[in-house]
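What follows is a single structure, written as C-alpha cells, with notes after it.
Whatever order the structure lists them in is the order used to number ligands and atoms, beginning at 1. Reckoned from all heavy atoms, side chains included, excluding hydrogens, waters and symmetry mates.
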Amino acid sequence: MENKELSLRFSLPSYVLLALSLLGGAGYEGFLVGGAVRDLLLGKEPHDYDMTTSATPEEMRKVFRDFRTVGTGIAHGTLTVLIEGHALEITTYRVDGTYTDARHPDAVRFTRSLYEDLARRDFTIGAMAYHPEYGLFDPYGGEGDLREGVLRAVGEPTRRFSEDALRILRGLRFASRFGFTIEEATACGMHALKESLARIAKERVREELVGLLCGAHAETVLRAHHAILEVVLPELTPTVGFAQKNPHHDYDVFEHTLHALSACPPDPVLRLAVLFHDLGKPACFFTDGDGVGHFYGHAQRSAEIADGVMRRLRFDNETRERVTLLVLKHDTPPAPETRQFRRMRSRYGDRFLLDFLAVVRADRTGQRAQLSAERERELESYEAAAEELLKTEERLSLKTLAVGGDDLIALGYARGKAIGEMLSRLLDEVLGGRLENTKEAIMAYLGEKTQIPIECERKFLIRMPDVAELCRLGAEKSEITQTYLDAPEGVTRRVRCRTFAKKTVYTQTTKRRLTAESAEEDEREITKKEYEALAKEKKAGTVPITKTRYTLPYEGHLLEFDVYPFWEKQAVLEIELEDEDTPYAIPDFVTVLREVTADYAYKNARLAQQVPQEEA
Ligand code: ATP
Ligand code: MG
C-alpha cells in the first residue's frame, strides 16, 4: 500500500470546540479520540466525535450542568452531552481491569492519565488523541500505521485479543473498510485466538460481520482470513476450495463468492445475499457421466442455510426475509417480458426486483475471470429490459386490479375461497398481457367464459442436449408426429400420433382462441382409423411435424425436450408449471440459448409452416 498523505489541519465543529473549551476552562484535559482522529487524519469527516477526558463522570456533570446529559454509559465512564443539537459522547480516561469472559473487563478504573487510557484501545490507528491547541498525542505510532496502511494491535496482540475477542472481528472490519494490511503479529494473534469468538454475543458478531462485508476490501480480507469467520459461520467451510467442475465457472465455490462480493454494491442485504447464495452447493453437488459438476436444487438449499445463519445471528425478520428470498431466486432469473417477471414484481415489489438484478449481476460477474462480451451484453439487455418495464408499467397487484371481490359476487360467484382464486387468475391474465386492466375488459372476459385456462408453460430454445445423458437420468423417449388440420380463423386443430414404449396413442386437439391469447382446449383420444382419415384434412401450406420427445421428471416438474429432425444443434425445452410462481429448475448440463415462451415462431403450428434458422 502506498503512503497516504495525512493532514493535520482540521476544522472542528463548533459544538466539539465548545465542549473542549468547557473542559479546559474547568481545569480538565479533554481530547478527541478514536475513529474521529483517524478519520480527520485521513481527510474524511468523522461520523461522530468521540471525546476522552481526565474529568470523572461526576466532574463532567458539573462542567456540563447547563446542558442536558444522558448517563446510560456512566458505569464505564461515558456521559452523553447534548450540545447544539448533537449528542457528544465523552468518556473518562479509563484503565480496563482483568477479563474473564473474552469480552468485558471485570471492572474499570478511572485514571488521570491519557497515556493509560490510550493503552486500553485495540488498534494503533484508533489510539490517538487530538486537541486543537496541543496537537496529536500518538504514543503507539498510529499516525505512521495510518500513513502506511497497516492495522496493528496496541500492545501484545494475543493478550489484547484474549481480553476481548470482539477485537478480532473489529480488526477485520477495519481492514475491509480501509484496505489496510494486517500487521503480521496482529494477524497471527487473531488466528491464534479465533476460537474465542464463539463466546461473543451473536448481535455483536452480526454487526461486525455486516461491517466487514460492506467494506470496499471485503474480498481481500475474506480470502486471507476466512478461517476466522468460519468460527462464527461454519457454513462457509464446505465451500472453501470446493471445485465446481463446470465450464461456466473458473473458480471454486468460495472464490466465486468472493468475486461476486466485489461485484456487488456495498449494501448489507445484497452483500449478505451474495455471501450466502451458494452455501448449498457442496451439499447438492454431483458429476454427470462426462465428469461435469451440477448443483441441482442448490438455491433452495442455500436459502435454507441462509435462513438458519441469520436466525442464529439474530438478524431482524425483514433483513432475513429479503436476503433469503434473493438467495432462493438467484439462480433462475425470468425474462423481463414474461408473466413470471411481472408476477415476481407484483408479489415482491420493485425494491426486490432491483435488489434481484444486482445479485444476478454480481453472481454472473463472479463466474469467470473475465466477463465475456457476450455475457456482458446479455446482462445489460436483461437489466435494460427490466428497468424499462419498471419505468413504463405500473406495478400490478390484487389491490390495483380493476375488479374486486364485490364485482365477482355481483356476477354470481359464491363468497369464499373461489373468489380469491379467481381474482389471482385474473391478475395473472393481466400480468401476462392477455387482458387489459379495465373493469370493462375484465367483466367482458368473465362474461365470455366460465373457465379460464391456466396455461403456464415456459419454453426455451436450447443447445442440442446430450440425449444419452437424458436417458441415463431417466428420461422417457417418445416419437411424435402431429398434423395441423384445416380450421376456421381463431381455431387450431391438430391430430397427433405418439409412440411410447411400443404403444401408440392417437389424439385430436382443438384449440379455440377466446381472447387475445387465452384459449379453450379440447383434447381426446381417437382411433387409428379416425387419425388416418383426419390427417387427410391437412391445412394447406403446412407439413406434418415430427419430433422425438424426451420427458424427464426433474425437481418436481416434467421437462419435455423436443428434438426436431430439421435442427442439428438446437432443440426446444418445455416446462409445464402449476402456477408461474412455482420455482423450477433447469439442469446445469442444458444450455439455454433463450426463452421462447412468447415467441410465435416457435409454436408448433408455426413450425409446420416455416422453420427458423438454427441459432446454436
Ligand atoms: P468507527 O469509525 O467504526 O466508529 P472507531 O475506531 O471510532 O471506528 P468505535 O467502536 O466507535 O470505533 O470505538 C471508539 C474507540 O474506542 C476506538 O477507536 C477504540 O480506540 C476504542 N474501542 C472500541 N471498542 C473497543 C474494544 N472492543 N477494545 C478496545 N478498544 C476499543
Ligand atoms: Mg467511533
Side-chain angles (χ1 to χ4, degrees), residues 13 16 31-53 73 76-80 86-99 101-106 108-109 111 114-130 136-143 145-146 150-180 186 189-190 193 196-197 199-201 203-218 221 266 268:
V16 173
F31 286 88
L32 279 182
V33 73
V37 179
R38 178 200 64 215
D39 290 347
L40 287 167
L41 282 166
L42 288 172
K44 296 180 186 164
E45 188 171 343
H47 58 89
D48 51 26
Y49 291 85
D50 298 325
M51 282 175 54
T52 185
T53 180
H76 293 97
T78 302
L79 186 71
T80 303
H86 297 267
L88 194 62
E89 284 193 358
I90 312 178
T91 305
T92 305
Y93 294 163
R94 198 177 93 186
V95 180
D96 293 339
T98 51
Y99 291 75
D101 68 350
R103 174 73 189 109
H104 302 101
D106 300 330
V108 300
R109 170 170 71 76
T111 161
L114 174 59
Y115 185 83
E116 278 190 314
D117 178 82
L118 293 178
R120 75 170 168 93
R121 297 174 181 270
D122 48 3
F123 298 100
T124 61
I125 58 168
M128 292 180 272
Y130 173 79
L136 193 70
F137 189 59
D138 177 22
Y140 300 103
E143 191 189 0
D145 285 342
L146 202 55
V150 172
L151 188 82
R152 185 193 311 271
V154 170
E156 214 271 297
T158 45
R159 208 194 92 214
R160 302 314 309 284
F161 296 133
S162 62
E163 287 169 357
D164 177 4
L166 187 69
R167 292 171 184 158
I168 300 172
L169 290 183
R170 283 172 50 87
L172 295 186
R173 168 165 66 86
F174 290 135
S176 168
R177 176 149 127 211
F178 300 114
F180 284 8
T186 304
M190 288 175 158
L193 284 149
S196 46
L197 280 173
R199 296 166 64 189
I200 299 296
E203 290 80 358
R204 302 306 302 265
V205 170
R206 177 193 70 217
E207 289 312 302
E208 297 301 335
L209 171 68
V210 168
L212 194 178
L213 276 181
C214 292
H217 304 270
V221 171

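Applying the 4.0 Å criterion to heavy atoms of G126 picks out, from ligand 1, the atoms 18 (O), 20 (O). The contact set between ligand 1 and G35, taken as ligand atoms under 4.0 Å from a residue heavy atom, comprises 5 (P), 6 (O), 7 (O), 18 (O). The atoms of ligand 1 that sit less than 4.0 Å from any heavy atom of D50 are 7 (O), 11 (O), 14 (C). Atom numbering of ligand 1 starts at 1 in the shown order; those under 4.0 Å from a heavy atom of R120 are 29 (C), 30 (N).
At least one side-chain heavy atom of T52 sits less than 4.5 Å from a side-chain heavy atom of L114. A heavy-atom distance below 4.5 Å is found between the side chains of R170 and D122. Taking the side chain as every heavy atom from C-beta outward, R103 and L166 approach each other to under 4.5 Å. Annotation: side chain of L42 is in contact with side chain of F178 (closest heavy-atom distance under 4.5 Å). The shortest side-chain heavy-atom distance between V33 and R121 falls under the 4.5 Å cut-off. In this structure, R109 and E116 have side chains that are in contact, with non-hydrogen atoms separated by less than 4.5 Å. Counting only heavy atoms from C-beta outward, the side chains of F123 and R38 never approach each other to under 4.5 Å.
The nearest protein atom to atom 15 (C) of ligand 1, hydrogens excluded, is given as R121 NH1, 3.5 Å; this is a heavy-atom distance. For atom 4 (O) of ligand 1, the closest non-hydrogen atom on the protein side is H47 NE2, 3.1 Å. Given atom 3 (O) of ligand 1, the protein heavy atom at minimum distance is R173 NH1, 3.0 Å. For atom 28 (N) of ligand 1, the nearest non-hydrogen atom of the protein is R167 NE, 2.7 Å. The protein atom (non-hydrogen) at minimum distance from atom 24 (N) of ligand 1 is R170 CZ, 3.2 Å. Nearest protein neighbour of atom 18 (O) of ligand 1, counting heavy atoms only, is G34 CA, 3.3 Å. Protein heavy atom at the shortest distance from atom 6 (O) of ligand 1 is R38 NH1, 3.1 Å. The protein heavy-atom contact nearest to atom 30 (N) of ligand 1 is D122 N, 3.2 Å.
Of the heavy atoms in R177, only side-chain atoms (C-beta onward) come closer than 4.0 Å to ligand 1. With a 4.0 Å cut-off on non-hydrogen atoms, D164 touches ligand 1 through its side chain and not its backbone. Contacts with ligand 1 closer than 4.0 Å are made by side-chain heavy atoms of F174 only, the backbone lying farther away.
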**Full working for salt bridge (Lys or Arg N to Asp or Glu O under 4.0 Å) between E203 and R206** = CA-CA 5 Å; E203 290 80 358; R206 177 193 70 217; 5.4 Å; no
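Heavy-atom distances between E163 and ligand 1 stay at or above 4.0 Å for every pair.
Ring orientation note: the planes of Y115 and F137 are nearly perpendicular, at an angle over 60° on the 30°/60° scale.
With L172 as the fixed residue, the side chain to side chain contact (heavy atoms under 4.5 Å, CB included) test singles out one of L151, L209, L212: L212.
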